[in-house]
*Asks:* 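What follows is a structure written as C-alpha cells; I'll ask about it next.
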Amino acid sequence: MAEKTSSEKPPLELVLDFVRTLEAGGVGADIRPFLADGFVLVEAPHLLAPEGSTRSRDQVLAGADHSGGVVANQKFEIRRTTCEQGRVVLEADWSATSLMDLRYWDAGDTIRARTSSVFEVRDGLIVSQDSYDCYFIDS
C-alpha cells in the first residue's frame with residue numbers, strides 16, 4: 001500500500017521528491033510509494049526508443065530495479081517547473097554514467113539528455129508521466 005504521507009504534499013513537491021529519489025539511486029521499492037496502482041509512463045520516441053514506449057507501474061518498478069546495473073550517478077538539473085492543480089511540468093538536464101557498453105556510449109561514458117515530463121498527480125500519488133527526452137551524442 002502506498003505511503004499516505006505523500007498525499008499531504010503539494011503536487012510539485014511530490015514530483016520533486018520522486019525525482020530526488022531516482023537521483024539517489026532509488027529502486028522499485030523506493031519509488032513505489034509515489035506511484036498510483038494504475039500509473040502509466042508514456043515515452044515519446046527518442047534515440048534509445050525510436051518508437052517510444054508505454055509502461056505500466058509494475059514495468060517501471062522493474063526497470064528501476066534493473067537500472068542500477070545500467071547507469072550510476074544519475075543527476076537531474078531542474079531548469080524549470082510549472083504546476084497547475086495536479087499537473088506538473090518539469091524540464092531538466094539529465095546525466096548518468098553508463099555502466100555497460102550501449103549503442104551510443106561505452107561503459108564509463110556520461111550519457112546526457114534534455115528532458116521534459118508532464119506528471120499528473122491525484123490523491124497524493126503520481127498517476128501518469130509523459131516524457132520527452134532528447135539525448136546528446138558527443139562526436
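Any value given below was found using the heavy atoms of this structure, including those in side chains, with hydrogens, waters and symmetry copies removed.
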*Asks:* Side-chain contact, heavy-atom cut-off 4.5 Å: T54 with V40?
*Replies:* yes

*Asks:* Under 4.5 Å between any side-chain heavy atoms of Q129 and V118, yes or no?
*Replies:*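 A side-chain contact under 4.5 Å is absent here.
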
*Asks:* Strictly distance-based, threshold 3.5 Å: is any side-chain N or O of Q59 a donor or acceptor partner for the main-chain N or O of S56?
*Replies:* yes

*Asks:* Do T81 and V89 have side chains that get closer than 4.5 Å, going by heavy atoms?
*Replies:*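 Heavy-atom side-chain distance check fails, nothing below 4.5 Å.
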
*Asks:* Side-chain donor-acceptor contacts of residues 43-52 below 3.5 Å, not counting sequence neighbours, with atom names and distances?
*Replies:*
{"residue": "E43", "atom": "OE1", "partner": "S53", "partner atom": "OG", "Å": "2.8"}
{"residue": "E43", "atom": "OE1", "partner": "R55", "partner atom": "NH2", "Å": "2.9"}
{"residue": "H46", "atom": "ND1", "partner": "L48", "partner atom": "N", "Å": "3.2"}
{"residue": "H46", "atom": "ND1", "partner": "A49", "partner atom": "N", "Å": "3.4"}

*Asks:* State which residues pass side chain to side chain donor-acceptor pair (under 3.5 Å) with E91; sequence neighbours excluded, sorted by chain then number.
*Replies:* R80

*Asks:* Any chance you could measure S116, atom OG, to D130, atom CG, to the nearest 0.5 Å?
*Replies:* 11.5 Å

*Asks:* Could you tell me the separation between the CG atom of D30 and the CG atom of L61, rounded to the nearest 0.5 Å?
*Replies:*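 The CG atom of D30 sits 10.5 Å away from the CG atom of L61.
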
*Asks:* Quick check on the hydrophobic clustering: are W94 and V60 connected, directly or via other members, by side-chain heavy-atom contacts under 4.5 Å?
*Replies:*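 Yes; V60 is reachable from W94 via cluster members.
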
*Asks:* Evaluate the side-chain proximity of L16 to L90: yes if any heavy-atom separation is below 4.5 Å, no if none is.
*Replies:*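 Counting from C-beta outward, L90 and L16 do come under 4.5 Å.
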
*Asks:* Got F34 and V15 here, is their nearest side-chain heavy-atom distance under 4.5 Å?
*Replies:*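 Heavy-atom side-chain distance check fails, nothing below 4.5 Å.
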
*Asks:* Looking at CZ of R57 and CD1 of I31, how far apart are the two atoms once the value is rounded to the nearest 0.5 Å?
*Replies:*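 With rounding to 0.5 Å, CZ (R57) is 10.0 Å from CD1 (I31).
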
*Asks:* For the residue pair G124 and L14, what are the closest heavy atoms and their distance?
*Replies:*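 The pair with the smallest heavy-atom distance is O-CD2, 3.4 Å.
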
*Asks:* I need the full list of side-chain hydrogen bond (donor to acceptor under 3.5 Å, both in side chains) pairs touching residues 98-111, with sequence neighbours left out, sorted by first then second residue.
*Replies:* none

*Asks:* Report whether L22 and L35 are members of the same hydrophobic cluster (ILVMFWY, side-chain heavy atoms less than 4.5 Å apart, transitive linking).
*Replies:* yes

*Asks:* Determine the minimum heavy-atom distance between P33 and L125, stating which atoms define it.
*Replies:*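 Distance-wise, the nearest heavy atoms are O-CD2, 3.2 Å.
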
*Asks:* Do S131 and L41 have side-chain heavy atoms sitting under 4.5 Å apart?
*Replies:*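 Yes. Closest side-chain heavy atoms under 4.5 Å.
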
*Asks:* Side chains of L12 and V121: closer than 4.5 Å at any heavy-atom pair?
*Replies:* no

*Asks:* Which pairs of donor and acceptor atoms, one on a side chain in residues 63-71, lie under 3.5 Å apart (sequence neighbours left out)?
*Replies:*
{"residue": "D65", "atom": "OD1", "partner": "G28", "partner atom": "N", "Å": "2.7"}
{"residue": "S67", "atom": "OG", "partner": "A64", "partner atom": "O", "Å": "3.0"}

*Asks:* Not counting sequence neighbours, which residues clear side chain to side chain donor-acceptor pair (under 3.5 Å) with S128? List them please.
*Replies:* none

*Asks:* How far apart are the closest heavy atoms of Y135 and A113, and which atoms are they?
*Replies:* CD2-CB, 3.7 Å

*Asks:* What's the separation between atom CD in E77 and atom OG1 in T115, rounded to the nearest 0.5 Å?
*Replies:*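 Going from the CD atom of E77 to the OG1 atom of T115 covers 13.0 Å.
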
*Asks:* The criterion is side chain to side chain donor-acceptor pair (under 3.5 Å); which residues satisfy it with R114, sequence neighbours excluded?
*Replies:*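 Applying side chain to side chain donor-acceptor pair (under 3.5 Å) to R114 gives D93.
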
*Asks:* Under 4.5 Å between side-chain heavy atoms, hopping through other hydrophobics if needed: is there a path connecting V42 to I126?
*Replies:*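 They do not share one cluster, since no chain of ILVMFWY contacts under 4.5 Å joins V42 to I126.
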
*Asks:* Side chains of V19 and F76: closer than 4.5 Å at any heavy-atom pair?
*Replies:* yes

